Amino acid sequence: MSYGPSSVALESFASLFTKILHYTQHKNLPKGQSLHAHLIKTDISSSCIYLSNSIVNLYAKCHCLFDAHLAFQEIQNKDIVSWNCLINGYSQLGRRDSSISVLNLFKQMRRENYLPNPHTFSGIFTAVSTLEDAFSGKQAHCLGFKLGCLSDVFVGSSLLNMYCKAGGHLVDARKMFDEMPERNSVSWTTMISGYATQRLVKEALGMFRVILWERGQDVNEFVFTSVLSAIALPEFIYVGKQIHGFSLKNGFLWTVSVANATVTMYAKCGSLDDACWAFELSSEKNSITWSAIITGYAQNGDCMKALKLFSEMHLCGMNPSEYTLVGVLNACSDFDALREGKQVHGYLIKLGFVPQMYILTALVDMYAKCGNVTDARRGFDYLKEPDIVLWTSMIAGYVNNGDNENAMGMYCRLLMEGVVPNELTMVSVLKACSSLAALEQGKQIHAHIVKHGFSLEVPIGSALSTMYAKSGSLHEGDLVFRRMPARDLVSWNSMMSGLSQNGRGVEALELFEEMLLDGTRPDYVTFVNILSACSHMGLVKRGWKIFKMMSYEFGIEPRLEHFACMVDMFGRAGKLYEAKEFIESAANHVDCGLCLWRILLSACRNYRNYELGAYAGEKLMELGSQESSAYVLLSSIYSALGRLEDVERVRRLMNLRGVSKEPGCSWIELKSQFHVFVVGDQLHAQIVDIREELWRLSKLMKDEGYKPDFDPCLELEGVMDI
DNA sequence: TTAGGGTTAG
């Protein structure tokens, strides 16, 4: 073998190699560059393929793929190592674009008839894992098999990782793992984290136990971090504590990655005290440690604490990573903290973070959840090819801000652009359909759910049965509900609410009993539903019993909604004085007079109890009601009682307080067009035809014996409309 | 005496 110009001594080569290796290992780019310059000047490297490859490797390890590529192209007599240095340089970046480059380089290499070896395949499988491209993965797998490269433990582990990441291939992956001729700690960790991503906790724990008791030599910090992420669920907190103790005893907790995984595990288990404790005790905090605790508080609903920790982090002189900022943005979203959210947005720009997909998703989410849909949309429009998570955030943003039409429009656009919706997309559009009572569109979404193979598990099943129930299709709603493999509290609640709202109170109550037998613990929403069912069915005794049971048996303090249901229940049953007493006793619990007296006032109108109605109305006046209907009703009641001075007084009060009556309005959607009507409407293009039809229908009703209710109070209310 | 795999934060 030639070592180049004879003037260069053999030991000089040795020293050059040592230097390059050292700079590569320590990612010392400036020193590496000057060495490269020296090599070019003396023309040493062109004669030695080892040196040229090492230069490519140096740039690749320093993440300078552009320079690595240039150095690669300069090599006249490339060998497989030259290709591998470049391919692995790209694959180690772990990005989509770089992984695509890996596959292109691989194709080019094959065209130029270079034979891949195990080093090549580990890079290829890693790139395919990043791309989650099962097709290319299988092709490469076949080639690797043909060339006999799969028995290598590096190739085996990267192939295992590829099948784990592709998802849904865990059984194949496990088979592959069991059949591997050689396994080491990396193969074990890959399998454990494969189970972790699929939330197969028991399987992950099983592997952890084996490695712990049978293969102690393979236990390292990677094993701990992956098993900790696998068990990060509230029901496994005791296992988490054992592993925490074990890692402490064996000295792994002092590794920053294990400490971080421990903080995250406790936070995801919902045990913030333990997370905080692990955070405080961690000897070496990096931005991941801070992100873990900040995100933990944000996800557990203590957004104030999350924001406070962020400023503490700042005071400690620790620079946030983009992940920290995403965690803080999430805290702002749930805390409705638009001002702080905007500050973080500014921070992201200031620190020069490239607006990647997940950062934009967090921003869109924050703006939408803080009610600023316009800015959320600007964030969405920033990227040319938003991923499904970003689409879903935007759609959910519209739904949560009540703009269901735009949500549906976005969903149609998504389908037209060929994007495949995910579970959460379907849940959001189903919510939009529920709010619009758009049964036809809801059925189409149901068809998409079947087409895309989503199961009826929570949350899709729940959203679907709610959509049917709220659109009045209780039979279909019930069918979906019964076919769900498991129901959570929300699914029970929504089905109950559907039944209750559609006049099927008895069935709602039966469902409540069934839910208790099923072992599901009711929440305050459950009680709103069943109290409302009692109210509509006139079941006063039952309602009272349930209202008391709520706090005695379930420890749920009554809220405004529950008090309102009770007053409505008494009111509908004509028990007006009981309602009055109830309101007066409830006044000790919550400040809800405005709402409760208003309900009683309507009930008094319905039962023509004008004296009590006047009493309730005066209470509303005292409380400074801003609802026009309260003033209108009270003045009508005074009219009916002949107390004209009071009529005048109430009207004056209404003017004085600037309360104005909004005209009644209704709308209907026909053939994708909305027809809106307001009181005394003359503007609709077909108003003449509409009036004729109304007249025909009124006549038909009268002919069939319908007698309109001439309540003086109702009549006067009509007079006030003009 | 050049090249490869796995973990934690979203």
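Convention: sequence-line order gives letters A, B, ...; per-chain numbering from 1. Computed from a prediction, not measured in an experiment: that's the story for all the values here.
Nucleotide B:dA3 holds its P atom 6 Å from the CG atom of A:Leu21, rounded to whole Å. Whole-Å rounding puts the A:Asn286 CG to B:dT8 P distance at 14 Å. Atom CD1 of A:Ile20 is separated from atom P of B:dT1 by 11 Å (rounded to the nearest Å). As a whole-Å value, the separation of A:Leu253 CG from B:dT8 P is 17 Å. The OH-P distance, from A:Tyr297 to B:dA9, rounds to 18 Å in whole Å. When the P atom of B:dT7 is taken as reference, atom CD1 of A:Ile231 falls 17 Å away, rounded to whole Å. Straight-line distance from the CD1 atom of A:Ile75 to the P atom of B:dT2: 15 Å, rounded to whole Å. Taking atom CE of residue A:Met191 and atom P of nucleotide B:dG6, one finds them 15 Å apart after rounding to whole Å.
Residue A:Lys285 places no side-chain N or O under 4.0 Å from the OP1 or OP2 atom of B:dA9. One finds a side-chain N or O of A:Asn161 lying less than 4.0 angstrom from the OP1 or OP2 phosphate oxygen of B:dG6. Put simply, A:Ser257 has no side-chain N or O that comes within less than 4.0 Å of OP1 or OP2 on B:dT7. A close approach under 4.0 Å does not occur between any side-chain nitrogen or oxygen of A:Asn53 and OP1 or OP2 of B:dA3. Within the structure, a side-chain polar atom (N or O) of A:Thr295 is placed less than 4.0 Å from OP1 or OP2 of B:dG10. Residue A:Lys268 places at least one side-chain N or O under 4.0 Å from the OP1 or OP2 atom of B:dA9. Within the 4.0 Å cut-off from OP1 or OP2 of B:dG5, at least one side-chain nitrogen or oxygen of A:Gln92 is found. Proximity of A:Lys61 to the phosphate of B:dG4: a side-chain N or O atom is located under 4.0 Å from OP1 or OP2.
Put simply, the residue from A:Thr324, A:Thr264, A:Asn260 that forms a side-chain hydrogen bond (donor to acceptor under 3.5 Å, both in side chains) with A:Ser291 is A:Thr324.
Salt bridge A:Lys175/A:Asp172: absent, no basic N to carboxylate O contact under 4.0 Å.
Note on ring orientation: taking the six-membered ring where Trp is involved, the planes of A:Phe177 and A:Trp188 are perpendicular (angle over 60°, cut-offs 30° and 60°). Ring orientation note: the planes of A:His345 and A:Tyr367 are nearly perpendicular, at an angle over 60° on the 30°/60° scale.
Between A:Phe380 and A:Trp391, the ring centre distance stays below 6.0 Å. Between A:Tyr358 and A:Tyr323, the ring center distance clears the sub-6.0 Å criterion.
Listed nucleotides: B:dT8, B:dA3, B:dG4. Nearest to the side chain of A:Val155: B:dG4. The listed nucleotides are B:dG4, B:dT8, B:dG6; the one nearest the side chain of A:Ser185 is B:dG6. Among B:dT2, B:dG10, B:dG6, the nucleotide with an atom closest to any side-chain atom of A:Phe17 is B:dT2. For A:Thr225, the side-chain atoms get nearest to B:dT7 when compared with the rest of B:dG4, B:dG10, B:dT7. When distances run from any side-chain atom of A:Ser229 to the nucleotides B:dT8, B:dG6, B:dG4, the shortest one goes to B:dT8. Side-chain proximity of A:Gln299 to the nucleotides B:dG5, B:dG10, B:dT1 is greatest for B:dG10.
Scanning for side chain to side chain contact (heavy atoms under 4.5 Å, CB included) contacts around A:Asp302 gives A:Tyr297, A:Met304, A:Lys305, with sequence neighbours left out.
Among the protein residues, A:Val263 comes within range of no part of the nucleic acid, since none of its heavy atoms lies under 4.0 Å from any strand. Backbone-only engagement by A:Ser54 is indicated by non-hydrogen atom pairs under 4.0 Å involving sugar-phosphate atoms exclusively. Using a 4.0 Å heavy-atom criterion, one finds that A:Val227 contacts no nucleic acid atom at all.
Of the residues in residues 313-326 of chain A, those lying under 4.0 Å from DNA chain B by heavy-atom distance are A:Tyr323, A:Val326.
Counting only residues at least two apart or in different chains, side chain to side chain donor-acceptor pair (under 3.5 Å) contacts with residues 221-234 of chain A are absent.
Distance CG/A:Asn400 to OG/A:Ser428: 6.5 Å, rounded to 0.5 Å.
In the interface, the side chain of A:Asn184 is paired with the base of B:dG5 through a donor and an acceptor atom under 3.5 Å apart. A donor-acceptor contact under 3.5 Å is not formed by the side chain of A:Asp152 with the base of B:dG5.
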